[in-house]
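Take a look at the structure set out below.
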Amino acid sequence: MLLCARSGAGAVMATAAAGLPRRGRCGRRRRCTVAAAMGAPEVEKGKTATVRSKASGDALEVCRVVNGMWQVSGASWGRVVPAAAVDAMLAYADAGLATFDMADIYGPAEDLYGMFINKVRRERPPEMLEEVRGLTKWVPPPVKMTRSFVEENINRSRKRMDVAALDMLQFHWWDYANPGYLDALKHITDLKEEGKIKTVALTNFDTERLQIILENGIPIVSNQVQHSIVDMRPQKKMAELCDLTGVKLITYGTVMGGLLSEKFLDTNINIPFAGPPLNTPSLQKYKRMIDAWGGWSLFQALLQTLKKVSLKHGVPISTVAVRYILNQTSVAGSMVGVRLGLSEHIRDTNAILSLLLDEEDMGSITEASQRGRNLMEVIGDCGDEYRA
């Protein structure tokens, strides 16, 4: 979600220096011209990537596979036992998977992170502490964004996570008709400059609003959006703006709550009790995306394609699904949800970071993805599913 810098004349100058396109004028011809001048973007390599603001120089290195903590927010995924959850977080960090994503509204997620980071301080060498990252989100109600209100909420997250400065604050806003998001971002930028936040980012913002925010001089490092082989909307307008400005994407829904897996291959969930139950909020959410994209039969064809690629490389379907999204040049990291203390997938997750998909693999997956509907036309741009 969020991130910012100052507005006004300085912001306009920063916008010009960053080479931002004018809204409504960043067509394909302009994109090619600018890309040629700047050099074609490259796919991030290695286990980590750095998200950076061109305007401010703020930067943060994150693991390319991010541990998503939405699953601790409700009993639908299983009851969370704090001690077991913290031990599981430590196991992920020990395996090199040390970036965790959470939100103020994800139940005890920020509190668990605070317990975890204290355990790292006590029981691990200082070098690990330097590698751990806690990315949180702020999802405020649509009220007046005063300095005191913003600071109170940021301080609450700092206290819960037991850190002097948030590694990244990702900002969400429900209603674009209310321009208060710019006020909030300016206050957040001030808090960053005071040392309470290291980097500011957005979550679920569309391309138009991202450009407005950048034109107001706000130093965005990333935008967290829904992105999977089924939902390729971020590779439409959003990726173009990312290529031009250096803003990176952090993606969620990349394995569609587990639907992109062998568990759902060769099943027909349209017949009662004929397939695995859709018994979590994430499975139900992403099944609706499949319906919008083209339906269960077409999804089965996609799973068959992914299975062929997975057998070729000796990895699960989910590993291929995440690697495909990580190979998009605009993407810095992709989320894989963790059910802390209930199950773990450290080995399969680490396999994502070492998997190399060749041109044939990427081409076959792209072809299977493009058989479905263009969700930009069905749903709209990134985040529009929350603002219908």
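Remember, predicted model here, so these are calculated numbers, not experimental data. For the numbers below, each heavy atom of this structure counts, side chains included, while hydrogens, waters and symmetry mates do not.
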Any side-chain heavy atom of R339 sitting closer than 4.5 Å to one from V72? no

Going only through I, L, V, M, F, W and Y residues with side-chain contacts under 4.5 Å, is there a path from L342 to Y92? no

Determine whether the side chains of D266 and Q304 contain a donor N or O and an acceptor N or O closer than 3.5 Å. yes

Carefully, step by step, assess D58 and K192 under the rule salt bridge (Lys or Arg N to Asp or Glu O under 4.0 Å). CA-CA 10 Å; D58 300 332; K192 175 188 71 69; 3.0 Å; yes

Has the side chain of T251 got a donor or acceptor atom that lies under 3.5 Å from a matching backbone atom of T254? no

Side chains of N327 and R323, donor plus acceptor under 3.5 Å: yes

Under-4.0 Å salt bridge between E377 and R373: no

Could you pull out all residues at least two apart from E61 that satisfy side chain to side chain donor-acceptor pair (under 3.5 Å)? T48

D206 and R209 ion-paired at < 4.0 Å: yes

Heavy-atom distance under 4.5 Å between the side chains of L259 and M289, does that happen here? no

Identify whether L302 and L311 are in the same connected component of the hydrophobic contact network (ILVMFWY, side-chain heavy atoms under 4.5 Å). no

Quick check on the hydrophobic clustering: are V331 and M376 connected, directly or via other members, by side-chain heavy-atom contacts under 4.5 Å? no

So does G253 get a backbone contact from the side chain of H227, meaning a donor-acceptor N/O pair under 3.5 Å? no

Whether the Y106 and D101 side chains hold a donor-acceptor pair (N or O, under 3.5 Å, no angle test) is what I'd like checked. no

Testing the basics here: between A109 and M102, what is the closest heavy-atom pair and its distance to 0.1 Å? CB-CB, 3.7 Å

Donor-acceptor under 3.5 Å (E344 side chain, I346 main chain): yes

Kindly say whether R158 contributes a backbone atom to a donor-acceptor pair with the side chain of D162 at under 3.5 angstrom? no

Would you check, one step at a time, whether the test side-chain contact (heavy atoms from CB on, under 4.5 Å) holds for N374 with M232? CA-CA 8 Å; N374 179 355; M232 293 295 290; over 6 Å; no

Mutual orientation of the aromatic rings belonging to W296 and F264 [parallel < 30°, tilted 30-60°, perpendicular > 60°]: perpendicular

Specify the closest pair of heavy atoms between D231 and Q226, including all atoms of both residues, with the distance to one decimal. OD2-NE2, 2.9 Å

Between K287 and D291, does any side-chain N to carboxylate O distance fall below 4.0 Å? yes

Do the side chain of T245 and the main chain of L241 share a donor and acceptor less than 3.5 angstrom apart? yes

Test side chain to side chain contact (heavy atoms under 4.5 Å, CB included), reference L135, set L60, L166, V51, output is L60

Establish, from distance only, whether the side-chain atoms of Q224 and H172 form a donor-acceptor pair under 3.5 Å. no

Closest heavy-atom pair, A88 versus G341, reported as atoms and distance to 0.1 Å, is CB-N, 3.6 Å

Linking I/L/V/M/F/W/Y whenever their side-chain heavy atoms sit closer than 4.5 Å, directly or via other members, would Y386 and I250 fall into one cluster? yes

Strictly below 4.0 Å, N to O, side chains only: are D384 and R233 in salt-bridge contact? no

SB check D167 K198 (cutoff 4.0 Å): yes

Closer than 3.5 angstrom, by distance alone: can the side chain of D348 be matched with the main-chain N or O of S318 as a donor-acceptor pair? no

Could you walk me through whether D104 and R156 pass the side-chain contact (heavy atoms from CB on, under 4.5 Å) check? CA-CA 9 Å; D104 62 331; R156 183 179 298 115; over 6 Å; no

Using side-chain heavy atoms (C-beta onward) and a distance below 4.5 Å, is V336 in contact with I352? yes

Apply the test salt bridge (Lys or Arg N to Asp or Glu O under 4.0 Å) to residues D183 and K144: give CA-CA distance (whole Å), side-chain angles for both, the deciding distance (0.1 Å), then the verdict. CA-CA 9 Å; D183 295 326; K144 186 173 179 60; 5.7 Å; no

Should S282 and M256 be marked as a side-chain contact (heavy atoms from CB on, under 4.5 Å) after you check the CA-CA gap, both sets of side-chain angles, and the distance that decides it? CA-CA 7 Å; S282 50; M256 305 191 73; over 6 Å; no

Heavy-atom check, side chain of T280 versus side chain of L283, under 4.5 Å: yes

When you look at CD of E194, are more than 12 heavy atoms from neighbouring residues, nucleotides or ligands closer to it than 6.0 Å? yes

Indicate whether any N or O donor in one side chain lies under 3.5 Å from an N or O acceptor in the other, for S157 and T136. no

What do the steps show when you test V132 against R124 for side-chain contact (heavy atoms from CB on, under 4.5 Å), and what is the final call? CA-CA 11 Å; V132 171; R124 293 297 185 271; over 6 Å; no

Show your reasoning for whether side chain to side chain donor-acceptor pair (under 3.5 Å) applies to N204 and Y252. CA-CA 10 Å; N204 292 319; Y252 65 88; 2.6 Å; yes

Under 4.5 Å between any side-chain heavy atoms of T199 and S53, yes or no? no

Looking only at atom types and distance, does a side-chain atom of S228 sit under 3.5 Å from a main-chain N or O of V230, one as donor and one as acceptor? yes

Determine, for W70 and K137, whether the Lys NZ or Arg CZ falls below 6.0 Å from the six-membered ring centre while staying within 45 degrees of the axis. no

Aromatic rings Y176 and F205: how do their planes relate, parallel, tilted or perpendicular, breaks at 30° and 60°? tilted

Please check if F116 and V81 belong to a single hydrophobic cluster, counting links between Ile, Leu, Val, Met, Phe, Trp and Tyr side chain heavy atoms closer than 4.5 Å. no

Give a yes-or-no answer on whether the side chains of T366 and Y324 include a donor-acceptor pair shorter than 3.5 Å. yes

In sequence, state the C-alpha distance, the side-chain angles, and the governing distance for K312 and D361, and then conclude on salt bridge (Lys or Arg N to Asp or Glu O under 4.0 Å). CA-CA 9 Å; K312 173 181 172 180; D361 300 330; 2.9 Å; yes

Contact check, side chains of K119 and R122, non-hydrogen atoms, under 4.5 Å: yes

So which atom in N67 and which in A98 form the shortest heavy-atom distance, rounded to 0.1 Å? ND2-N, 4.4 Å

Report yes if some heavy atom in the side chain of P140 is under 4.5 Å from a heavy atom in the side chain of M145; otherwise report no. yes

Taking all atoms of both residues into account, what is the closest heavy-atom pair of I325 and S334, and its distance? CG2-OG, 3.7 Å

Can R147 and E151 be said to form a salt bridge (Lys or Arg N to Asp or Glu O under 4.0 Å), step by step? CA-CA 6 Å; R147 160 72 189 225; E151 186 171 17; 3.2 Å; yes

For atom CD of E359, is the number of surrounding heavy atoms from other residues, nucleotides or ligands below 6.0 Å larger than 12? no

Suppose we screen for side chain to side chain donor-acceptor pair (under 3.5 Å). Which residues come up paired with T305, at least two apart in sequence or across chains? none

So, W293 side chain and R288 main chain: donor-acceptor pair closer than 3.5 Å or not? no

Can you confirm whether Q284 sits close enough to L278 that some side-chain heavy atom of one is under 4.5 Å from a side-chain heavy atom of the other? yes

Sub-3.5 Å donor-acceptor pair from the side chain of Y113 to the main-chain atoms of G134, do we have one? yes

Short side-chain to backbone donor-acceptor contact, Q71 and G337, under 3.5 Å: no

Search all heavy atoms of A332 against all heavy atoms of L326 and return the closest pair with its distance. O-CD2, 4.4 Å

